[in-house]
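These numbers were taken from a predicted model, which means no experiment stands behind them. Scope of the values below: all heavy atoms of this structure, side chains included, with no hydrogens, waters or symmetry mates.
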Amino acid sequence: MNEDIQAKLGTKFPGIIAEFKSPRKARIYFRLNGGQFKDVLAYLMKDLGYSHLSTITAIDNGTAFEAVYNLFGKNTGVSMGVKIDRGDPHIETITDIVPGALVYEREIQEMMGIKVDNIPDGRRLIIPENWPQDQYPLRKDWNISMLPESFNDGLLRKWRE
Amino acid sequence: MNELYKIFYLLIFPGFAFLVVYGLLLEWADRKIVARLQNRVGPPWFQPFADFIKLFAKEDITSEKADRFMFAAAPIIALAAVLTTVIFLPLTVPALFSFEGDVVVLAYLLTVPTFAIFLGGWYSVNYFASVGAMRATLLLFSYEVPLLMSLLGPAILAGSWSVSSILAFQANHDWIAVYQPIGFIVALVALVGKLERIPFDIPEAETEIVDGPFCEYTGRKLAIFRLMFDIELVIVASLISLFYLGGFSYGNIFLSALMFFVKTFAVVALVAAVKASFGRIRIDQMIGFCWKYLVPAAVLQYLLIAAAKIWM
Amino acid sequence: MHHTGDITFPVGPQHPALKEPEFFSFDVDGEKVVSADIRLGYSHRGIEKGCEERTYIQALYLVERICGICSHSHATVFCQGVEELMGLEVPKRSLYIRTIVGELERIHSHLLWFGVAAHEVGYDTMFMYSWRDREIVMDLLELATGNRVNYSINTIGGVRRDLTKDQGQILKEGIGEIEKKVLYYMNVGIQEKTFMMRVKDVGVISKEVTEKLAACGPTARGSGVPLDARRDDPYAAYGEIPFEVVTSDKCDVLGRTLVRIGEVLESCKIIKYAIDNLPEGPIAVKAPRKVPEGEVFARYETPRGELVHYIKSNGTEKPERVKVRAPSLGNVMPVKYMLEGYNIADIPIILAAIDPCFSCADRMVRIEGTRNNREMNWQQLRAYGINWYKNK
Amino acid sequence: MLKNLIKWARIKSPWAVHFNSGSCNGCDIEIVSALTPRFDVERFGIVLKGTPRHADVMLATGAVNHHSKSRLKRVYDQMPEPKFVVAVGSCACSGCVFRGCYNILQGIDSVVPVDVYIPGCPPRPDAIIDGVVKLLKKIQET
């Protein structure tokens, strides 16, 4: 059943779909190399029936960022990964297709530092107000010691010694 | 001798000391009944006394933005108003003053605490307090009219405006509740609204606006407010038994004292049962309920009395 | 009373109605709520970063403590994901035991919710009754798993404790009792006049809006959207157990209440069926320490809705990325639409209706209020209130 | 005489306020289930109050995270004197499993002085009651 999905995607967006794998009937994972991911997403959600956006995951695998869009519909889960270069991480917002995605985009923007273009409401989400602006906790190259001392005004007991 | 008796009347027996002790005991009875209905064990008998003493010993915070004088005056005004009602009520011993029209004075004295709560809430400049204060006044308009109408019913029947003479009327006829069952029910429901008990405890709806007008009060002021509520419970319970259940002046002193405790405890038990079996309704539903059902029932009661008076 | 539209009315972070810390500010016009603005992050502990520094087994302990009420759900979905990554064949008996403990957790969570919702409405007797009956389930859970909350019966590759014959018997008796009690709530508790007045057509949200906002769990099922991961994407032993998804098309808080109470009855049936034909066999399989490279998108139906764990592994013994998407996060967007137009008295019951578990969803969104969206803390709010009163 | 009357009153009616500073709410539901019929705490006079203004004992749960540390301090300051803090659960005592996570201050005592620690993840309701009884004994001695 998943082969014809792969065929449909292949004909509609030639050359964009990469690493298509479906370990079991109800799961499809694939990556997009370049190209307009929003049309693929719209096509998946509207025409192929994967209408429920479960979540958007931001991954930092050392060299580049990746935004994985997890969709669900017709008893199968689809995970579509979009590569983002590390230098100037940018991604297009999808709140026009799914208003509910505002939640997940806010989180990527804040946790991983992937700038989401023309997001309707770009304020801070879960990180405390006085968290330093340029630090993104979920990046691989970030760790707790990079927090300035003034941030937790000496309250953090040195649990390591 | 008469002066000494008055002082004794005001300070000890049916006056301040007795009311405080009996009020706290009734609060314990109420909490215990509700707890037992929810099959919990419920607090020990001395719990209200412990709460009262502890609150007196606590630090007294007045938020700096609040108006100091009014913030402190509100609880005292409320307590004073509730305590003065005892002069007109013949609890076991004949009332100190009883003149034509003391029913109206009683009704006025019982609305003063609500205004005091409003002032207290409004001057403590806290969101929850101001919304609670607004609600307390809104509530006043809904239960006050049925309460007054249900109190005036017996007055009309007894043909007089003084509590003692209504009591005398009931001495030789049987209880007014038998003549006016609808008025009795309206009085009970309005009583629950007056005491701001569930299902009408909207001003200090604990889960919505955090103890309403009292959320800025601590220590002594809070203790006085809670004491005011307990004494109000005693006063209104004895009011109901005076007007509808035949009061307490029988032959000897012990029988009337016993009847006093039995009747007030019965009213409190009823109110506690109501508290255990209902949820809290919204302010607009409350006002709708009072004006759609209570007031017409009271008016119907008047028509019945008028009709009865013509034929009798 | 002139228009007080721009008064912001703070609720939280410390507030009796909300079991967890969150900060809602509402633009209020008199008693009517004009718009809601939810700000959270008070229970954000940085679990995802924590998972990346721990091996899979250590991460399991962290994942179990994301949320106290649905700790089994998080543990099960994490173990299922890792087992799928490893391609491990988990014994059938452990799948059945996971399903039994999962359904027990659903019963205790729904009874807990029912009590808290009744408490929001001031109906304390129902709160006391439902929590007293919940103690039966807590005893059953303690019998089966050894702990009342955070039972940690899962391990990667199976289950830690076996369910003996007589334990199964005691479980069935307890479940029978709960069914009797829940039927009592169904026809006495919910029909009670004042509870009905506070719950009927309050916090209404239509079917289309629910779908558009990707709501999930009883919030969606209460508006007629039959979205249930146990049936659409069967995991553990749900493939073999017959059950039907409870939905209602009332679209209001009453609908969600009926769905949740119906689900408790459904769970009782599932547990009885699972205990009757519990297959024989081992309860766990040895799992290798290193997980081969790959990614998995694991889903689970918690009492609050669809929970998603997205795990990416890079061949070492530590996960490269663990993404947790909690059901309450999906339900937060609809709550903004539910709150508008109702008055302050309805705020707690509407918030309680989505059964928010903010500890799971410490990634709560901040929906922008229509009028001013300044972020004010307590002192500023009070100062704002005072000069507002002065020039009123 | 008045002194130990006040002390008796303080012991017999400890009003509690509950603050969750980033806990997994396992401890919170155990605190609430201590109010319910099976472990009823009202028989000791313990009542869960809404505002910190009315309370003497603060039941704090959860390892404090950076966002809620200022709120925790503010709620603590709003409580009138003689106030006590009970740290419920291992997270409140020491940060428990979340040690090392970036958004966590390890435990309640890094923000407010704590009188009684109740370990356990989550502590059983009877452990919470035992903790409060120990707090009352402590008030007895001071």
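At most 12 heavy atoms of other shown residues, nucleotides or ligands fall within 6.0 angstrom of atom OH in B:Tyr123. Heavy-atom contacts from other residues, nucleotides or ligands closer than 6.0 Å to CZ of D:Arg43 number more than 12. Atom CZ of B:Phe289 is surrounded by more than 12 heavy atoms from other residues, nucleotides or ligands within 6.0 Å.
Of all heavy-atom pairs between B:Ala57 and D:Ile6, the closest is CB-CG2, 3.4 Å. Closest non-hydrogen pair, D:Pro37 versus B:Arg40, comes out as CA-CG, 3.7 Å.
Heavy-atom distances place no part of B:Arg36 under 4.5 Å from chain D, backbone and side chain included. Neither the backbone nor the side chain of D:Val41 comes within less than 4.5 Å of any heavy atom of chain B. Looking at B:Ile53, both its backbone and its side chain come within 4.5 Å of chain D, counting heavy atoms on both sides. Only the backbone of D:Leu35 comes within contact range of chain B, with heavy atoms under 4.5 Å apart.
Of the residues listed (B:Gln38, B:Lys32, B:Arg31), the one engaging D:Glu42 in a side-chain hydrogen bond (donor to acceptor under 3.5 Å, both in side chains) is B:Arg31, and it is the only one.
Contact check for B:Leu222 versus D:His54: side-chain heavy atoms found under the 4.5 Å cut-off. Residues D:Trp15 and B:Lys54 are in side-chain contact: their nearest non-hydrogen atoms beyond the backbone lie under 4.5 Å apart. Residues D:Arg53 and B:Tyr217 fail the side-chain proximity criterion, which asks for heavy atoms closer than 4.5 Å. Between D:Asp56 and B:Lys58 the shortest side-chain heavy-atom distance falls below 4.5 Å. Looking at heavy atoms from C-beta onward, D:Arg38 lies out of side-chain contact with B:Asn39 at the 4.5 angstrom threshold. Side-chain contact check for B:Gln47 versus D:Ser13: some heavy-atom pair is nearer than 4.5 Å. In this structure the side chain of D:Lys83 never reaches within 4.5 angstrom of the side chain of B:Glu59, judged on heavy atoms.
Taking the six-membered ring wherever Trp is involved, the centroid distance between the rings of B:Phe46 and D:Trp8 falls below 6.0 Å.
Per-residue counts of heavy-atom pairs under 4.5 Å with chain B were compared for D:Pro14, D:Gly45, D:Pro80; the largest is that of D:Pro80.
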